[in-house]
Amino acid sequence: GALIAVIAISTFVAHKESMKLADMRADKIYSETLAQATRAIPRSSAQRIVNTTKEKQFLSKFVEQEFKGKSFAETTIKGKFAVVYVDEFSKDGTPIVDENGEDIKKLYLSTPTEFYRVENIAHPVTESLNGVEVELTGFLSSSRDENGEKKFVVNIHEDTIRSLGSRSKKPTKDWSKADERGGGSCGGNYCAFVVLIDTTNGNTYFDLPTPQEMHDMVFVNPGRIKQNFYEQSYGQMTYGGTVTNTWFQIPVADIPTLTTSVPAQVQQYITDNNIDMSDYDQLIYVIHEPLYAGAFSSIGPINQVINGQVYSLARTVVRMLYYFNPTTILAANGNITYWERQWIHETGHALGANHDNAAACEHGPTSLPSECIIVGYGNVYSTMGWSTLGSHFSFFKKREIGWITDSNIVSGQSGGNFTLSHIEAANPKIVTSSQSWDTPTQGTYYFEARKPVGFDSIPPQQSRRISLNFEGPFVYRELP
């Protein structure tokens with residue numbers, strides 16, 4: 001049944017011992033950092049970003065020294081920021097992070113006619129800017145680079161980023177009003193247009209699935225990708241889609257341009273087949289490129305120009321490598337393959353979810369925010385993290401998407417006994433409480449219950465290896 005745990009929360013006072021439940025195993029404590037930043041939404045109108053004279057001079061000198069021999073012109077652009085996650089993986093399937101242990105992200109500025117790659121010299125890319133409309137001045141390259149991108153170099157400081165991303169995030173889709181798209185032709189209320197791409201010009205020793213086989217694997221029950229989203233969303237999302245009737249032959253050298261544009265032959269296909277792209281939520285490229293498994297996706301929909309029309313579509317790439325690789329055919333939790341996991345992970349981004357990260361903290365759950373560092377993909381119980389032990393997204397990610405709302409969250413601030421219902425079941429209950437033994441900005445704790453059922457179940461061949469106590473309450477800490 002839904003009942004999985006009853007927890008007792010004492011009123012938090014200025015004593016660390018009062019937080020008994022936070023002393024659970026370290027591998028069950030996960031943190032969401034920069035709470036305000038990761039819940040940013042677009043403002044109602046473009047926010048004008050103005051640099052001081054000194055900042056402009058510094059930016060000009062930076063561009064002059066960093067991009068010698070290349071032409072850049074000072075330009076003012078009005079558009080919408082788009083953050084794209086770049087999910088790179090090593091040969092054994094381990095996610096690749098940057099030198100600071102964080103996930104890899106790229107920032108773009110989307111206009112009705114162009115998709116500019118933004119390089120901010122003052123601060124790393126942060127999810128807080130995703131979807132924020134701005135008007136800012138920087139230096140724009142006059143030509144495209146090897147990836148087909150025009151670079152826009154800007155100088156946006158951390159304080160400005162925080163002010164831009166200071167409001168609560170709303171899900172990209174209202175699931176209570178999510179009707180069948182395209183008159184039901186795509187077979188779901190969240191629809192993907194799937195473009196098949198082969199980079200080998202047909203010279204591959206792999207047997208690529210036919211377009212019909214690809215469609216059935218993903219969108220027809222018992223397709224595990226479709227089933228996974230249906231279960232994760234508590235029946236709110238039915239994943240449907242259309243698959244191109246051919247594998248387009250596109251050279252490897254042209255693949256990076258998919259970030260900013262739609263190939264001409266794909267646009268012609270859309271025209272020839274009278275496809276209305278306004279019926280779709282996601283444009284997803286499935287690429288056969290031997291020996292490469294990297295994938296990416298925008299966070300939610302972005303502007304995309306197709307045949308001269310602007311559409312609001314999430315842009316996603318998944319690869320075929322894990323589909324063919326027999327050494328990684330089963331994900332660690334045994335319920336989905338690595339290939340299916342990649343598709344679900346990237347579509348999670350397309351739905352509006354960021355990564356399920358963790359925090360490594362000097363003094364465990366009682367650490368101050370300054371004593372913690374982010375661990376990219378750190379939540380091993382979530383497909384939006386590195387799901388070696390579970391498949392369901394954490395409640396944080398389900399809330400970002402809109403499958404869980406505030407009605408599922410109960411305040412435990414005043415103490416008492418609370419019943420948690422596990423996150424795999426419909427109408428889960430999450431309890432939250434904050435404390436302030438060291439500082440009023442210490443953070444908020446959330447208590448989520450898990451149970452090994454459905455796509456979170458542990459198959460017999462994995463049960464001995466996975467000896468952790470998977471069933472019970474999980475503690476999350478949201479840092480300010």
Side-chain angles (χ1 to χ4, degrees), residues 33-34 36-38 40-86 97-167 256-257 259-261 296 298-300 302-303 305 315 354 373-374 376:
T33 60
L34 298 177
Q36 289 182 325
T38 57
I41 61 168
R43 301 298 184 111
S44 57
S45 60
Q47 303 298 297
R48 193 162 179 260
I49 301 175
V50 180
N51 289 133
T52 65
T53 300
K54 188 174 181 179
E55 289 170 343
K56 289 180 180 179
Q57 290 173 345
F58 179 81
L59 180 59
S60 178
K61 289 181 180 179
F62 176 89
V63 171
E64 182 181 346
Q65 294 176 7
E66 188 74 12
F67 302 103
K68 291 180 179 178
K70 296 183 179 180
S71 178
F72 280 77
E74 188 173 8
T75 308
T76 299
I77 300 177
K78 183 177 180 180
K80 183 182 290 187
F81 279 131
V83 176
V84 172
Y85 274 106
V86 181
V97 295
D98 65 17
E99 62 275 10
N100 298 316
E102 296 190 28
D103 40 29
I104 301 171
K105 300 176 284 288
K106 293 181 179 180
L107 180 63
Y108 292 87
L109 188 62
S110 173
T111 73
T113 58
E114 189 59 85
F115 204 63
Y116 301 104
R117 171 70 185 279
V118 177
E119 181 172 324
N120 183 22
I121 68 172
H123 195 271
V125 178
T126 174
E127 297 94 333
S128 65
L129 293 176
N130 188 63
V132 176
E133 293 186 45
V134 293
E135 180 180 334
L136 74 164
T137 300
F139 286 83
L140 180 66
S141 62
S142 61
S143 59
R144 300 183 186 277
D145 62 15
E146 64 276 9
N147 295 328
E149 298 178 343
K150 278 194 171 184
K151 186 166 291 186
F152 187 44
V153 186
V154 298
N155 190 2
I156 311 174
H157 291 274
E158 183 176 6
D159 289 345
T160 303
I161 291 174
R162 285 184 177 274
S163 68
L164 289 172
S166 62
R167 295 170 62 182
T257 65
T259 306
T260 56
S261 61
F296 69 78
S298 61
I299 307 174
I302 57 177
N303 289 339
V305 180
R315 181 180 295 159
N354 300 314
I373 60 172
I374 299 300

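Since we're looking at a predicted model, the values are computed, not measured.
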Looking at [atom1] of [X] and [atom2] of [Y], how far apart are the two atoms once the value is rounded to the nearest 0.5 Å?
X	Y	atom1	atom2	result
Phe81	Ile156	CZ	CD1	4.0 Å
Phe72	Lys151	CZ	NZ	6.5 Å
Ile299	Lys105	CD1	NZ	8.0 Å
Ser298	Asn303	OG	CG	10.5 Å
Leu140	Thr75	CG	OG1	4.5 Å

Listed by chain and number, what are the side-chain contact (heavy atoms from CB on, under 4.5 Å) partners of [X], not counting sequence neighbours?
X	result
Val305	Val310
Ser261	Thr257
Phe62	Glu66, Phe67, Glu119, Ile121, Val153
Thr76	Glu135, Thr137

Please name the pair of heavy atoms, one in Val154 and one in Gly138, separated by the smallest distance, quoted to 0.1 Å.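 Where Val154 meets Gly138 most closely, the heavy atoms are CG1-CA, 4.2 Å.
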
- What pair of heavy atoms forms the shortest contact from Glu149 to Tyr108, and how long is it?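 Looking at all heavy atoms of both residues, the closest pair is OE2-OH, 2.7 Å.
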
With [X] via side-chain hydrogen bond (donor to acceptor under 3.5 Å, both in side chains) - residues at least two apart:
X	result
Tyr116	none
Thr53	none
Thr260	none

### Set of ring pair (Phe, Tyr, Trp, His ring centres under 6.0 Å) partners for Phe296, sequence neighbours left out
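For Phe296, no residue satisfies ring pair (Phe, Tyr, Trp, His ring centres under 6.0 Å) once neighbours in sequence are set aside.
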
From the list Arg144, Lys150, Lys80, salt bridge (charged side-chain N to carboxylate O under 4.0 Å, His left out) with Glu114 holds only for Arg144

>> Could you walk me through whether Phe115 and Ile302 satisfy the side-chain contact (heavy atoms from CB on, under 4.5 Å) test, starting with their C-alpha distance in whole Å, then the side-chain angles of each, then the deciding distance to 0.1 Å, before giving a yes or no?
In response: CA-CA 10 Å; Phe115 204 63; Ile302 57 177; 3.4 Å; yes

Decide yes or no on side-chain contact (heavy atoms from CB on, under 4.5 Å) for Leu109 and Leu136, but give the supporting numbers first.
CA-CA 10 Å; Leu109 188 62; Leu136 74 164; 3.9 Å; yes

